Structures are given as structure tokens and as C-alpha cells.
Amino acid sequence: MADIVALAQDELRERGAADAAALAAKAVDGSADGTALIDQEDTIPTWRQRDYSHVPVGTPYKWQGQVYKLWQQHDATQQPDWSPDKAVSLWDVCHTTDPAKAKPYTAPQGTRGMWQEGECCVEQSHVWRCKKDSTVYPPSQLPDSWEDLGSVEDVQGGAP
């Protein structure tokens with residue numbers, strides 16, 4: 001019985017790795033946007049301190065509940081503070097147009113990460129949809145650029 005369980009676990013790991021590789025290839029070639037990546041974030045590996053020098057630009061990783069794409073190849077083996085949320089020159093944050101999968105608002109990283117029309121975020125326990133391209137301020141600071149879609153509980157079925 002243990003052999004069957006071990007075989008099944010190996011098969012699941014192999015399928016998961018293949019799914020992650022296929023999604024990463026789509027992110028690198030531009031055919032998977034932030035919405036597609038966040039929709040399949042369970043297959044995206046978690047960022048870890050390692051060498052990203054040979055990882056293709058655009059490869060997705062998740063970190064602290066957010067999905068990021070590699071923006072610049074680098075070696076983070078000796079840099080524990082180069083996580084995607086801190087090393088904004090190395091990573092690009094992803095946004096989704098799916099209100100049910102909206103992530104907390106993140107400030108743009110220079111010209112990258114600006115909010116585009118249709119992208120959704122969570123702020124102050126509400127889900128918001130951006131109404132204007134290149135928005136750099138959150139709903140609380142620029143309410144005319146955002147549409148309130150309702151409470152997180154109503155839109156996503158749970159707490160933020």
C-alpha cells in the first residue's frame with residue numbers, strides 16, 4: 001500500500017511541476033497576464049532566496065499572498081531582503097481583472113504596477129475596480145478612479 005501512495009505522490013508532484021512550468025512559459029512569452037497567473041497561483045512556486053540569474057524574465061513567483069513576475073535577473077543567494085515585495089527593481093507585481101480573486105492594493109513600483117482599467121484590488125475591506133488606465137493612487141485617495149464593487153465578504157465570500 002505504501003508503494004502505491006508513494007507512486008501517487010510522485011505522480012502528483014510531477015504533474016504539479018509540469019503545470020507550473022507550462023504556466024511560467026506562458027508568463028514569459030506574454031500569453032498569460034496577471035489575471036491568468038493569479039487564477040492559477042496554486043501552481044506558481046513560492047519565492048525563495050536563490051540565484052535568479054538564469055531564470056527567464058517574466059517567470060512568476062508568489063510571495064506573501066501576492067504574485068510577482070521576475071523583472072530583472074539577479075542572484076539573491078546572499079540577499080534575504082531581495083524578496084519581491086522589497087526589491088521592487090527586480091520584480092513586477094501582478095494584478096487581476098477578476099474581483100473574486102482581487103489582492104490587496106499595492107502601490108506601483110515606478111511605472112510598473114500602475115493600475116489599469118478593469119483591474120481589481122482590495123482596500124478597506126472592499127473590492128474595487130479601476131476605471132482609468134495608469135492609476136497610481138488607491139481607492140481611498142482617488143475614489144473617482146475606482147468603482148466600489150462591494151464588501152470583500154459579498155464579492156469574494158470571505159474576509160480580506
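Note that this is a predicted model, so its numbers are computed, not measured. The analysis underlying the following values was restricted to heavy atoms, covering all of them including side chains, and did not include hydrogens, waters or symmetry mates.
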Less than 4.5 Å apart, side chain to side chain, heavy atoms only: is that true for [X] and [Y]?
X      : Y      : answer
Lys69  : Cys94  : yes
Tyr68  : Val93  : yes
Cys121 : Pro138 : no
Gln66  : Trp91  : no
Gln40  : Asp42  : no
Thr46  : Trp63  : yes

### Check against side-chain hydrogen bond (donor to acceptor under 3.5 Å, both in side chains), Glu123 and Ser140
CA-CA 8 Å; Glu123 188 193 49; Ser140 59; 2.9 Å; yes

### Task
Consider only side-chain N and O atoms of Asp98 and Thr96, and report whether a donor and an acceptor are under 3.5 Å apart.
no

Any donor-acceptor N/O pair, [X] side chain to [Y] backbone, under 3.5 Å:
X      : Y      : result
Gln156 : Pro99  : yes
Lys62  : Glu41  : yes
Gln73  : Val55  : yes
Gln116 : Ser134 : yes

Rounded to the nearest 0.5 Å, what separation is found between the [atom1] atom of [X] and the [atom2] atom of [Y]?
X      : Y      : atom1 : atom2 : value
Glu117 : Glu147 : CD    : CD    : 10.5 Å
His95  : Asp33  : NE2   : CG    : 12.0 Å
Lys131 : Leu142 : NZ    : CG    : 9.5 Å
Leu149 : Asp154 : CG    : CG    : 11.0 Å

### Query
What pairs with Trp146 under ring-ring contact (aromatic ring centres under 6.0 Å, His included), at least two apart in sequence or on another chain?
Trp115

### Task
Report the C-alpha distance between Asp148 and Trp128 in whole Å, list the side-chain angles of each, state the deciding distance to 0.1 Å, and finish with yes or no for side-chain contact (heavy atoms from CB on, under 4.5 Å).
CA-CA 5 Å; Asp148 186 349; Trp128 301 84; 3.4 Å; yes

### Task
Start with the C-alpha gap between Val88 and Lys86, add the side-chain angles, then the distance that decides, and say whether side-chain contact (heavy atoms from CB on, under 4.5 Å) holds.
CA-CA 6 Å; Val88 298; Lys86 294 179 183 168; over 6 Å; no

### Task
Decide yes or no on side-chain contact (heavy atoms from CB on, under 4.5 Å) for His126 and Gln124, but give the supporting numbers first.
CA-CA 5 Å; His126 277 244; Gln124 298 179 340; 5.7 Å; no

### Task
On the 0 to 90° scale, with breaks at 30° and 60°, tag the Trp47-Tyr52 ring pair as parallel, tilted or perpendicular.
parallel

### Message
Go through it in stages, so that I can follow the logic: the residues are Thr77 and Asp75, the test is side-chain hydrogen bond (donor to acceptor under 3.5 Å, both in side chains), and I'd like the CA-CA distance, side-chain angles, deciding distance and then a yes or no.
### Response
CA-CA 6 Å; Thr77 55; Asp75 183 355; 2.7 Å; yes

### Query
More than 12 foreign heavy atoms under 6.0 Å from NZ of Lys132: is that the case here?
no

### Message
Are more than 12 heavy atoms, taken from residues, nucleotides or ligands other than Arg48, located less than 6.0 Å from that residue's CZ atom?
### Response
no

### Summary
By salt bridge (Lys or Arg N to Asp or Glu O under 4.0 Å), Asp39 pairs with (sequence neighbours left out) Lys101

